[in-house]
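FYI, side chains are in, hydrogens and waters are out, and symmetry mates aren't considered; it's all heavy atoms of this structure. Numbered from 1 within each chain, the chains take letters A, B, ... in sequence-line order.
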2 protein chains.
Amino acid sequence: MTIQRADTKQKILRAAYELFYRQGISRVSVDAIAARAGVTKRTVYYHFASKDEIAGGVLDVQHLLLMQQFEGWVGGVSGGVTEILSALFDKLEAWSERPDWLGSGFSRIAAELADMPGHPARQAAKRHKGAVEAWLAERLGDAGAMAPEQLARQVMVLIEGAMGLALIHNDRGYITAAGHAARSVAQVNTPTG
Amino acid sequence: MTIQRADTKQKILRAAYELFYRQGISRVSVDAIAARAGVTKRTVYYHFASKDEIAGGVLDVQHLLLMQQFEGWVGGVSGGVTEILSALFDKLEAWSERPDWLGSGFSRIAAELADMPGHPARQAAKRHKGAVEAWLAERLGDAGAMAPEQLARQVMVLIEGAMGLALIHNDRGYITAAGHAARSVAQVNTPTG
DNA sequence: GTTCGTCGTCTCACTGGTGAGTATACTTTA
DNA sequence: TAAAGTATACTCACCAGTGAGACGACGAAC
């Protein structure tokens, strides 16, 4: 039955996401995914051709969810560039307070698979980061930034670095610092007024 | 013989470094390390108690090498904050041009082991990043930065993010952008003059 | 409206291979 | 000869992926 099928597949994807986010791809076995989803491994391989395909599926779902997340965080902000950046980094900081927070799953998987540029999960990470940057550039442009693409790229670097160092040091102060830096960069980037 | 012993141990560490840097820890087997070092696995386990201990040893060596690297890059720069930051990001960009470049090994291993804060390699990464930040703060303070610790932290975020995104997108433009951002941040941070 | 065959979905049990780590014995050198 | 260092050959657990078939729903035949 179609409904049953979709349900099982979603269960597998959810289980895989939880495990992949915590442990990365290499250290998670398909057996573990199956066990967490409450099905047998053979069922997993009925729905997915390979472990890599599961990873690809997980990241596709996450990409959609995260774009909604960003839109929800910043979509309603009505001020200028500074207000957008403040809102963005505040939300990032709040997100990082969650007890199960382990940084950006996309970045961590890209780091894990650094030597495999063609891996589906690497490609998904690249597409995701590119989409976020483009979305941010548009938001910043609408808010009156002078060189929105350039500013968006610098802000992306700050987000990426803040997540990485907050994780390494288990210190959210890096996100605060990145927020300050983002506003400094925007200030230099903006016609004085 | 002590010399022989040290020699074999160094060979193992070098082989392990090359494999770990490329593939991370999980995907590298002790068999592979032994093969690359030209010894048997039993010999590896004579010199190291476990795979984790090999990883820790590798990162300890890398930490020393990288601190020398940074000192070599920036130690001779005699200008102010802007000159130091320019030199730093120029060197980072040049480093990233190397064909076998795969970002910061410390960051990538920290990402891989995100769920294991007590792992020796995680601890080593944390110590390393902390040491670099402290060193940078000192350099920036000597060069006349107003709030060197704060600036160093922001620059660390930019370095971290630049490495991460340059790797994901295979685009060194992120390092250039980070360099510009660093100088913007420093400019805001500095008494006008 | 009951039997039958088919299809989508799922399980059990397995393969071939690799993982970390080790028991034991041989070699070299002081 | 005693100790350090290396090798052969192994244990046991786990891995990605598969072969063969069981279960239940559903339409067709009668």
Show me the donor-acceptor pairs, under 3.5 Å and distance only, between side chains in residues 131-138 of chain B and residues at least two apart or in other chains.
unit_1	atom_1	unit_2	atom_2	d
B:E133	OE1	A:Y174	OH	2.5
B:E133	OE2	B:R153	NE	3.3
B:W135	NE1	B:E71	OE1	2.6

Worksheet entry | Short side-chain N/O contact to C:dT9 OP1/OP2 from A:T8, under 4.0 Å | no
Worksheet item: Sequence neighbours excluded, which residues qualify as side chain to side chain donor-acceptor pair (under 3.5 Å) partners of A:E18?
Response: A:R36
Response to the item:
A correct 5'-to-3' footprint of nucleotides 12-25 of chain C, with B, S and - meaning base, sugar-phosphate only and no protein heavy atom under 4.0 Å, is B------SBBBBB-
Discussion item. Could you work out, with side chain to side chain donor-acceptor pair (under 3.5 Å) as the rule, every residue matching B:N170, not counting sequence neighbours?
Written reply: B:R172
Discussion item. Applying side-chain hydrogen bond (donor to acceptor under 3.5 Å, both in side chains) as the test, list every pair that has at least one member in residues 49-59 of chain B; sequence neighbours left out.
Written reply: B:D52-B:H119
Worksheet item: So, is A:Y46 near the phosphate of C:dT9, with a side-chain N or O under 4.0 Å from OP1 or OP2?
Response: yes
Response to the item:
note: A:Q23, atom CD; D:dC15, atom C1'; distance rounded to Å ~ 14 Å
Practice prompt. Return the set of residues passing side chain to side chain donor-acceptor pair (under 3.5 Å) with A:H180 (not counting sequence neighbours), or none when no residue passes.
Written response: none
Worksheet item: NE2 of B:H47 versus C1' of D:dG5: gap in Å, rounded?
Response: 7 Å
Worksheet item: Would one find a side-chain N or O of B:T43 under 4.0 angstrom from OP1 or OP2 of D:dG5?
Response: no
Worksheet item: Do A:F20 and A:L59 touch side chain to side chain, with heavy atoms closer than 4.5 Å?
Response: no
